[in-house]
Amino acid sequence: ATKNHQARANNGSGNSKSSSSRSSKDLQRELLIEEIRHGSAWALTSHLGGSFLDDREVILEAVKRNAHALGYASDALRDDAELVLEAVKRAPDALTHASERLRNDERIAKEAVIRDGGALAYVS
């Protein structure tokens with residue numbers, strides 16, 4: 001299956017290094033998202049590691065599987081209100097991984113506390 005994915009990624013990519021590098025990263029990204037969708041939210045920390053921790057789509061897929069994957073996201077994504085709200089709806093204590101600004105956000109804090117009163121401890 002991996003050879004087929006690689007062949008599809010290389011079709012039409014040309015011979016330039018930037019095209020093949022982009023195709024390789026795109027392929028890795030697609031494979032990581034699929035791995036996450038099929039049950040491995042922690043794939044984010046595996047062999048692909050930090051190169052996708054600032055990729056909103058990758059982190060969103062991981063958060064949908066395990067809200068605490070937000071803890072591996074970049075600082076910018078920990079400050080993404082929609083992403084944090086998604087995590088908090090799934091696990092109110094995921095608020096611990098949000099930026100300080102969003103831990104103080106009334107809408108997000110309220111969502112967390114409504115779902116679990118103990119989440120009040122995570123509000124800044």
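Heads up: numbering here begins at 1 and tracks the sequence.
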Next item on the list: Evaluate the side chain to side chain contact (heavy atoms under 4.5 Å, CB included) criterion for residues Asp93 and Asp116: first the C-alpha distance (whole Å), next the side-chain angles of each, then the deciding distance (0.1 Å), finally the verdict.
Entry: CA-CA 8 Å; Asp93 63 338; Asp116 179 358; 5.6 Å; no

Notebook entry, point to check: Which atoms form the tightest heavy-atom contact between Leu70 and Ala98, and what is the distance?
Noted result: CD2-N, 4.3 Å

Check: Taking the side chain from Asp105 and the backbone from Arg101, do they hold a donor-acceptor pair closer than 3.5 Å?
Finding: no

Checklist line | For Ile108 against Ala81, the heavy-atom pair lying closest together | finding: CD1-O, 3.8 Å

Item checked: Minimal non-hydrogen separation, Arg103 against Tyr122, with atom names -> CD-O, 3.2 Å

Next item on the list: Go through Glu30 and Lys25 one step at a time and tell me if the salt bridge (charged side-chain N to carboxylate O under 4.0 Å, His left out) criterion holds.
Entry: CA-CA 9 Å; Glu30 289 173 28; Lys25 183 163 181 158; over 6 Å; no

Note to self: Measuring from atom CG of Asp55 to atom CG of Leu60, what distance do you get when rounded to the nearest 0.5 angstrom?
What the structure shows: 10.0 Å

Checklist line | Heavy-atom pair of closest approach, residues Ala73 and Arg78 | finding: O-NE, 3.1 Å

Notebook entry, point to check: How long is the span from the CD atom in Glu61 to the CD1 atom in Ile33, to the nearest 0.5 Å?
Noted result: 6.5 Å

Next item on the list: Please report the shortest heavy-atom distance between Leu102 and Val84, naming the atom on each side.
Entry: CD1-CG2, 3.6 Å

Check: In terms of side-chain geometry, is the basic nitrogen of Glu111 or Arg115 positioned less than 4.0 Å from the acidic oxygen of its partner?
Finding: yes

Next item on the list: To the nearest 0.5 angstrom, please state how far the CG atom of Leu83 sits from the NE2 atom of His97.
Entry: 12.0 Å

Next item on the list: Heavy atoms only: give me the nearest Asp54-Leu77 pair and the separation to one decimal.
Entry: C-CD1, 3.6 Å

Notebook entry, point to check: If you group Ile, Leu, Val, Met, Phe, Trp and Tyr by side-chain heavy-atom gaps below 4.5 Å, do Leu120 and Val88 land in one group?
Noted result: yes

Check: Can you check side chain to side chain contact (heavy atoms under 4.5 Å, CB included) on Arg56 and Glu82, steps first, answer last?
Finding: CA-CA 10 Å; Arg56 190 177 193 284; Glu82 289 179 40; 3.4 Å; yes

Checklist line | Flag, side chain of Arg29 to backbone of Phe52, donor-acceptor distance under 3.5 Å | finding: no

Margin query: Taking the basic N atoms (NZ, or NE/NH1/NH2) and the acidic carboxylate oxygens, is any pair closer than 4.0 Å for Lys89 and Glu86?
Written below: no

